[in-house]
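Take a look at the structure below.
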Amino acid sequence: MEYVVEMLKIRKEFPGVVANDDITLQLKPGEIHALLGENGAGKSTLMSILFGLYQPDAGMIKVRGQEVKINDPNVANELGIGMVHQHFKLVHNFTVTENIMLGMEMTKGLVINHTAAAEKIRELSKRYGLNVDPDAKIEDISVGMQQRVEIMKMLYRDAEVLIFDEPTSVLTPQEINDLIGIMRNLAKEGKSIILITHKLKEIKAIADRCTVIRRGRVVGTVEVASTSEEEMARMMVGREIRFAVEKTQREAGAVVLQVENLSALNNRKVMGLKNFSLQVRAGEILGLAGVEGNGQAELVEVITGLRKAEDGRVMLKGTDITNLSVRERIRMGMSHIPSDRHKHGLILDYTLEENMILKIYDEPPYAEKGLLNRETIRKHTERVMQEFDVRSGQGSLALARSLSGGNQQKAIVGREIDIDPDLLIAVQPTRGLDVGAIEYIHKRIVEQRDKGKAVLLVSLELDEILTLSDRIAVIYNGELIGIVEAQATNEQEIGLMMAGVQRGETA
Amino acid sequence: MKKEMRKEYTIALVAVGLGLLAGALLMLVTGNNPILGFIYLISGGLMNIERIGNTLATATPLIFTGLSVAFAFKTGLFNIGGAGQMLIGGLCATVIGLTLNWPKPLLLTVIIIASALGGALWGLVPGWLKAKFNVHEVVCTIMMNWIAYWSVYYIIPAYFKGAYLETESRRIPEAASLKVGWLTDLFRGSYINLGFFLAIIAVVVIAYILERTTLGYELKAVGLNRYAAEYAGIQSNRNIILSMMIAGACAGLGGAAFYVGYASNMQIGVLPSQGFDGVAVSLLGANSPWGVFMAAIFFGVLHSGKGFMNAMTQVPPEIADSIIATIIYFSATSVLIEKYWGRLQKRLAEKEKTGPPLVAEEEIKEKVGGAS
């Protein structure tokens, strides 16, 4: 048996779009096979077909050499195909054991046999090096551990083929390393893995082979060891990608944003930000690095006026804005690309036009005497859409919800940059986007800096911080750990600081 | 946008169709001829010019309360206080009508303004409590209903006692009534009154506010995504209060249309059912102003036709109420209709490959997720 799963000449059409066109994907036993492609390239459709959610229009699927028809996900499960989802599906106040056996509880008479299940979990945990405590409650364990529970669910159901959907997007650098170790173990024990991702670095780190798809077609399947990241990126996007953002040396100007001894409560009503001070100058990008949940959100919210400062003050261009409203801050030249585009960035059930005027809807020429000027708004939207390459099927009248993630994000970036702000606060501006969109957004952010604007970049992606920033501040546990020049530092140093180690503490 | 609207109208029509079907079944079960029943039900509402007038008069308060619910809903608020707001609006109108002795045009203007203000005040309180202390508006508006109920219960007998009965107010003078001679004559002595035209104006104004003004933009933004609205610097608290006030004003006007238009005195001890029917009207009208208008007219036909149906056949008038209830039920569960509709379209599309557009990638991911 050469291949454990074969998807041969799969074709799937949706009205007006060919999502999968003649795609062939062959998975060897014990191999880690990456599936690489931009958002909308057809990765999810292909995996939905393998998982029984869609029926292919043409082509066939073979599992262990036998042709199969996967009509629904239960069939997929019976065939030993399991999926580790991007968003975990766990019951938070249940224990690990309860979560894993949910749906296929072992029973002794009428009573659930917890001990036997826990025993099996312990055994599996040891065998694959998962290190999961069967008795811990989900709400008490870390995100990385929760993901292992998801993996364990598949193993518990004797899955032979594991599909990982963007598994690293929620993990810290350390947890990513652990996950890579676990995936290697799984492969060593004979499991076959399909890894859906658009992070080339990870593919390089663990995958054996990589199938690249673009616009529904296979561009090629390559041996990862003998292919460079640049080559894979070119296959995915169809053109050259520059990883290093072009950035000229530039002298920073006057202080635009000054944060002085700022303290603020977090959502749990404890100090999430402690005595924090920072300056961002005109013509520089200050990167704020840190592991998620260390006070970044609180800092951004206090600066933008969404959260009250308990102590300290915020100055914008020399004016104390600590007690100004959100609106007043926007008017003073502050714009904000929020981290969660669905929660804060867009009103999903508003059209693109309506979203484009979210911050300027009551200003002339978009509105006069309290009346919206639809004509001007449409022209404005069309201009921004063109300038920032926002693509939508129904043009400016499309609902924001109907746009792809990348286009939604470009729309937000366009809206925020088009205000021509003095201070641009960009929080996770490329979260969940593909390489092409990332490159584009990075270019626009650097452009702002080159125009002499101040940029505060908050990101969990260390790579993004390192490539874009002029200076890097590191936040840990609500406190400023230190600020370093981007050119005089490296990933290791920032990584240590992110873990709370002060600069110079280790030698 | 257009497509969305069309979908919502389809759902409303399906709900109406299913409601009528249920009514037909009920008539069959009770041993009546449903076709005959429906003929009399509809003709009872539309048979002649007088009945058409009565249908419109019955629909008038429903247009106002439907608008009230729909408007608040656009800001994400559930105004179940239409009954109380109507009562207060009606009380203001009645008190002024029975107190001031002014010429009709002036008096009516004051009455209309006062009833709107009264209703707005009854919306302001829950709106303010919601904005300030996050008190749920459903609880609060229900309480306000009872405050209005008991206020009327006290004020009417104490100061405006009727000539014969303790439980109702004096008849309002002709000058304070929204009924006007030419209109009554035009519709051969029907109940129709100026309130109907006021309702049309209200529909136009509310549609205008929602679609064209920055105020409408803000209100809807708060309703659709409060976080994004606040991120953009929109003060959601101010908008919540304002939205409840405008909703209250609509229902208050409905009170004037009912108590000094349709009726000519005020009874105590009754919460007007139109206040609650407004929820149904708004649901069936998909929360859009013109949808509300049409839904209210439709309910008006059923309400005013049921008596005739009862007179001409053995079908009890409760059947009409059951039809209304079933329609409400189906429009309340419109999500199910929508889902089924979507699935039907999808299935057709699978066959012909010309159905709905490609599901967004994230949505597919969701589905992959949901299936394990």
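These numbers come from a predicted model, not from an experiment. Per chain, numbering begins at 1; letters A, B, ... match sequence-line order.
For B:Ser243, the side chain to side chain donor-acceptor pair (under 3.5 Å) test picks out B:Thr75, with sequence neighbours left out. Remark: B:Leu124 engages B:Leu121, B:Ile241, B:Met245 in a side chain to side chain contact (heavy atoms under 4.5 Å, CB included) (not counting sequence neighbours). For B:Val292, the side chain to side chain contact (heavy atoms under 4.5 Å, CB included) partners are B:Leu67, B:Ala70, B:Val281, not counting sequence neighbours.
For A:Arg415, the part lying under 4.5 angstrom from a heavy atom of chain B is the side chain only. Only the side chain of A:Arg374 comes within less than 4.5 Å of a heavy atom of chain B; its backbone N, CA, C and O stay farther away. For A:Leu306, the part lying under 4.5 angstrom from a heavy atom of chain B is the side chain only. Contact of A:Leu371 with chain B is made through backbone and side chain together, with heavy-atom distances under 4.5 Å. Proximity to chain B is absent for every atom of A:Glu150, based on heavy atoms less than 4.5 angstrom apart.
Side-chain contact between B:Tyr217 and A:Asp362: absent, with no pair of heavy atoms (C-beta onward) separated by less than 4.5 Å. A heavy-atom distance below 4.5 Å is found between the side chains of B:Thr214 and A:Leu372.
Here CG of B:Leu224 is found 12.0 Å from CG of A:Leu346. Values are rounded to the nearest 0.5 Å. Rounding to the nearest 0.5 Å places NE2 of A:His342 at 10.5 Å from CG of B:Asn225.
Environment of CZ in B:Arg212: sparse, with no more than 12 heavy atoms of neighbouring residues, nucleotides or ligands closer than 6.0 Å. Atom OH of A:Tyr156 has more than 12 neighbouring heavy atoms from other residues, nucleotides or ligands inside a 6.0 Å radius.
Of all residues spanning residues 226-238 of chain B, those with a heavy atom less than 4.5 Å away from chain A's heavy atoms are B:Tyr227, B:Ala228, B:Glu230, B:Tyr231, B:Ala232, B:Gly233, B:Ile234, arranged by number.
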